[in-house]
Each structure stands twice: as structure tokens, then as C-alpha cells.
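Structure record follows, encoded as C-alpha cells.
All values below come from the heavy atoms of this structure, side chains included, with hydrogens, waters and symmetry mates left out. Convention: sequence-line order gives letters A, B, ...; per-chain numbering from 1.
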Amino acid sequence: MHLSIDQPLDLKSSLESGQAFRWRCVDGWHVGIIYGNIVKIRQGSSGLDFSSHPSSEHDMVSNIVDYLRLDDPIDSIYDAIIKDDLMAQVVNTHKGLRILRQEPWECLVSFICSATSSIPRISATLEALANQLGAPLLLQNEVAYDFPNAEVLAGVEESLLRRLGMGFRAKYLYCASRMVVDGQIPINEMRRMLYQDAKDQLMAIPGVGEKIADCTLLFSMDKLQAFPIDRWVKRAVEEWYFDGEIMRIEDIRKWALEYFGDYAGYAQQYLFHSKRLQGKKAT
DNA sequence: CCACGGCCTGATTC
DNA sequence: AGAATCAGGCCGT
């Protein structure tokens with residue numbers, strides 16, 4: 001199935017810029033899961049080619065539009081966040097990098113896993129979780145495992161989670177599962193909640209602080225003003241906007257929301273992506 | 001309020 | 001080679 005795209009989109013960067021951890025690349029195709037469907041997708045000159053299961057390709061179109069946020073007013077967003085020459089250049093270099101609209105539960109778990117870890121390890125852990133506890137989905141000669149829901153994860157021992165490589169995050173994941181199952185955290189209603197209200201609720205989960213809450217809000221809950229600050233973004237802002245001065249996270253957060261406005265999250269993703277590529281090349 | 005060490009563990013560095 | 005150090009934080013002191 002072909003889907004024409006007439007706006008900036010860089011599929012590879014979007015799927016591999018550290019927002020989602022379970023996409024793999026096979027022969028130029030990205031294989032992963034979108035809203036319970038295994039999807040094989042690639043970008044050509046005029047748009048996307050993909051196949052899917054169990055939903056038909058026809059029915060998957062709207063899911064793909066949702067997942068890649070192709071409904072965002074991307075040109076207005078660029079206008080809004082390009083406040084200076086540096087951001088103009090960063091956006092231009094990585095034009096088409098999108099924020100994804102992931103499923104809230106998997107996104108929350110992913111970023112609980114991310115604390116003091118590395119992307120390859122985060123991916124391995126999440127894959128292990130899904131392989132062990134999720135339902136397999138088949139497409140052509142590929143298999144991918146759906147992500148286990150909160151009920152399933154709440155039912156496994158912390159020791160299993162540790163065995164799967166979660167380390168000290170195992171107890172956080174167990175708590176999060178319980179809180180979602182018990183209805184304390186209305187994870188699927190947070191898209192309709194105010195940013196700060198949803199954030200306060202997420203941060204009530206042990207192991208979820210400002211950064212992990214903001215990642216979840218930005219990458220799965222439509223809160224485009226969320227500006228997660230990890231070490232890369234911290235470094236990027238300090239070096240590129242404050243002449244290398246060491247800043248407090250809280251001051252960066254306030255500055256970013258003020259400076260970039262309602263689409264600060266997009267600015268964050270571009271800063272993160274370019275700083276990380278730069279950091280990797282340097283080392 | 002701020003600063004700091006500890007936490008699991010695999011990969012990378014010295 | 002084997003031991004430190006680091007990795008997309010958070011929590012308690």
C-alpha cells in the first residue's frame with residue numbers, strides 16, 4: 001500500500017531518534033508495532049509504502065497518520081520554534097523529524113526503563129519484556145510482539161522483571177502497573193487532560209520524575225509543550241544558548257517554555273537529535 | 001531549598 | 001586482561 005506524503009517527513013530519523021525503542025530495520029524496511037498491528041514500512045520519493053497485520057492496509061492509513069503525527073501543522077510549528085539562526089539550521093538539517101504519537105502505556109514503561117541506561121540496553125530490555133509477555137504478530141516472514149498491557153505486567157514477579165534486565169527499575173515498573181490497573185493513573189484519559197494535571201499524576205508514580213513524565217507526555221499524550229531535559233538537551237541549551245554556563249534544570253525548563261512556546265517539545269526533539277549525533281561523532 | 005551518593009547492569013574505557 | 005566508569009534519572013538524606 002502506498003501513502004502519498006506532501007509535507008516534511010523523515011521516517012528513519014523519526015523512528016530512530018530515541019522516542020520509540022522497538023523499531024528494527026530489515027532490508028531497508030522498518031518493522032514495528034503501531035496500535036496493536038505489526039507494520040512494515042519505508043519511505044520512498046513520493047511517500048510511504050507499507051503493509052500491516054491484522055488490520056488491512058486500508059484501515060491502517062489513519063493509524064499511520066496518527067502515529068507519525070501527520071496531522072500536525074508542521075509548517076506553523078517550524079515557524080513557531082525557529083526563533084534564531086541556530087534553530088533554523090538545526091531544523092533545516094533534520095527537516096521532517098516528527099514527534100511520534102505512541103501508546104501511553106508502552107511509552108511510560110519505555111521511559112521508566114530509560115533511567116541511567118543506554119538506548120541499546122533500553123531496547124533490549126523492552127524487547128525481552130514483549131517477547132516474554134506479549135502476543136506475537138506475524139507479517140510475511142517477520143514477527144513482532146505486542147507490548148504487554150498493565151494487567152499482564154502487574155501480574156508478574158519483580159524478580160522476573162529483574163531477570164529480564166530491568167535492574168533497579170523493576171520495582172518502579174511493578175508500582176506503575178499496579179497504579180494503572182487500580183485506576184489511580186488514568187493513563188488513557190491523559191490526552192484530554194491539562195498538561196500540568198497529567199504531569200502531576202504521572203509523577204506520583206515512584207521512579208517517574210520530571211524528565212520521564214515529560215517524555216511520556218510529549219511522545220504519547222499530545223502535550224507538545226513538554227520539554228524533557230536529559231543530559232543531551234541540557235548540554236545543548238547550555239552550550240548553544242548560554243555560552244557554556246552550567247544551569248539548573250528548572251531554569252532551563254522555564255526558559256524553554258518561555259522562549260519556544262507551545263511547541264517547545266518539537267524544539268527539544270531537534271536539539272536532542274542534533275546534539276546526540278554531534279556527541280556520537282565526536283567520540 | 002540544594003547537593004550528593006546510591007542504585008542494576010552491560011558496554012566502553014583505561 | 002581486569003577494574004573503573006558511564007549510560008537519555010530518581011529518590012532519600
Under 4.0 angstrom, heavy atoms only, what part of the nucleic acid is [X] near: base, sugar-phosphate, or nothing?
X	result
A/Ser110	nothing
A/Ile122	nothing
A/Arg162	sugar-phosphate

Subject >> Polar side chain donor-acceptor pair, A/Tyr263 to A/Asp72, under 3.5 angstrom >> reply: no
Original post:
Taking both distances under 3.5 Å as the test for a Watson-Crick or G-U pair, what stems of at least three pairs does DNA chain C have?
Top reply: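 So the stems come out as B:3-7 with C:9-13, B:9-14 with C:2-7.
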Starting at [atom1] of [X] and ending at [atom2] of [N], how long is that distance when rounded to a whole Å?
X	N	atom1	atom2	answer
A/Met166	C/dG9	CE	C1'	13 Å
A/Arg253	C/dG9	CZ	P	13 Å
A/Leu126	C/dG8	CG	P	14 Å
A/Tyr172	B/dC8	OH	C1'	11 Å
A/Leu108	C/dC10	CG	P	12 Å
A/Leu173	C/dC10	CG	P	15 Å
A/Phe168	B/dG10	CZ	P	13 Å
A/Phe111	C/dC10	CZ	C1'	16 Å

[M] and [N], which share atom name [atom1], separated by this distance in whole Å:
N	M	atom1	answer
B/dT13	C/dG8	P	13 Å
B/dC4	C/dC6	P	15 Å
C/dT13	B/dC8	P	15 Å
C/dA4	B/dG6	P	14 Å

Original post:
When the ring planes of A/Tyr259 and A/Trp255 are compared, do they come out parallel, tilted or perpendicular, using 30° and 60° as the limits?
Top reply: parallel
**OP:** May I ask you to say whether A/Glu250 pairs ionically with A/Arg253, meaning some side-chain N is under 4.0 Å from a carboxylate O?
**Re:** yes
**OP:** Inspect the contact between A/Glu157 and A/Arg162 and indicate whether a charged nitrogen and a carboxylate oxygen are less than 4.0 angstrom apart.
**Re:**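 Looking at A/Glu157 together with A/Arg162, the answer is no, because their closest N to O distance does not fall below 4.0 Å.
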**OP:** Assess the pair A/Phe21 and A/Phe111: is the distance between their ring centroids shorter than 6.0 Å?
**Re:**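 Yes, the ring of A/Phe21 comes within the 6.0 Å limit of the ring of A/Phe111, centre to centre.
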Side-chain donor/acceptor of [X] to backbone N/O of [Y], under 3.5 Å:
X	Y	answer
A/Lys95	A/Thr93	no
A/Asp182	A/Gln184	no
A/Ser220	A/Arg101	no

**OP:** Please state whether the base of C/dC6 and the side chain of A/Arg121 form at least one donor-acceptor pair under 3.5 Å?
**Re:** no
**OP:** State whether A/Trp29 and A/Lys40 meet the cation-pi test: NZ (Lys) or CZ (Arg) under 6.0 Å from the six-membered ring centroid, and within 45° of the perpendicular axis.
**Re:**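 Yes, a cation-pi geometry holds between A/Lys40 and A/Trp29.
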**OP:** Could you check which residues of residues 197-231 of chain A get a heavy atom under 4.0 Å from DNA chain C? Sort them by number, please.
**Re:**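 A/Ile205, A/Pro206, A/Gly207, A/Val208, A/Gly209, A/Glu210, A/Lys211, A/Ile212, A/Cys215, A/Asp230, A/Arg231, in order of number.
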**OP:** Measure across A/Ile38 and A/Ile33 and return the closest heavy-atom pair with its distance rounded to 0.1 Å.
**Re:** CA-CG1, 4.3 Å
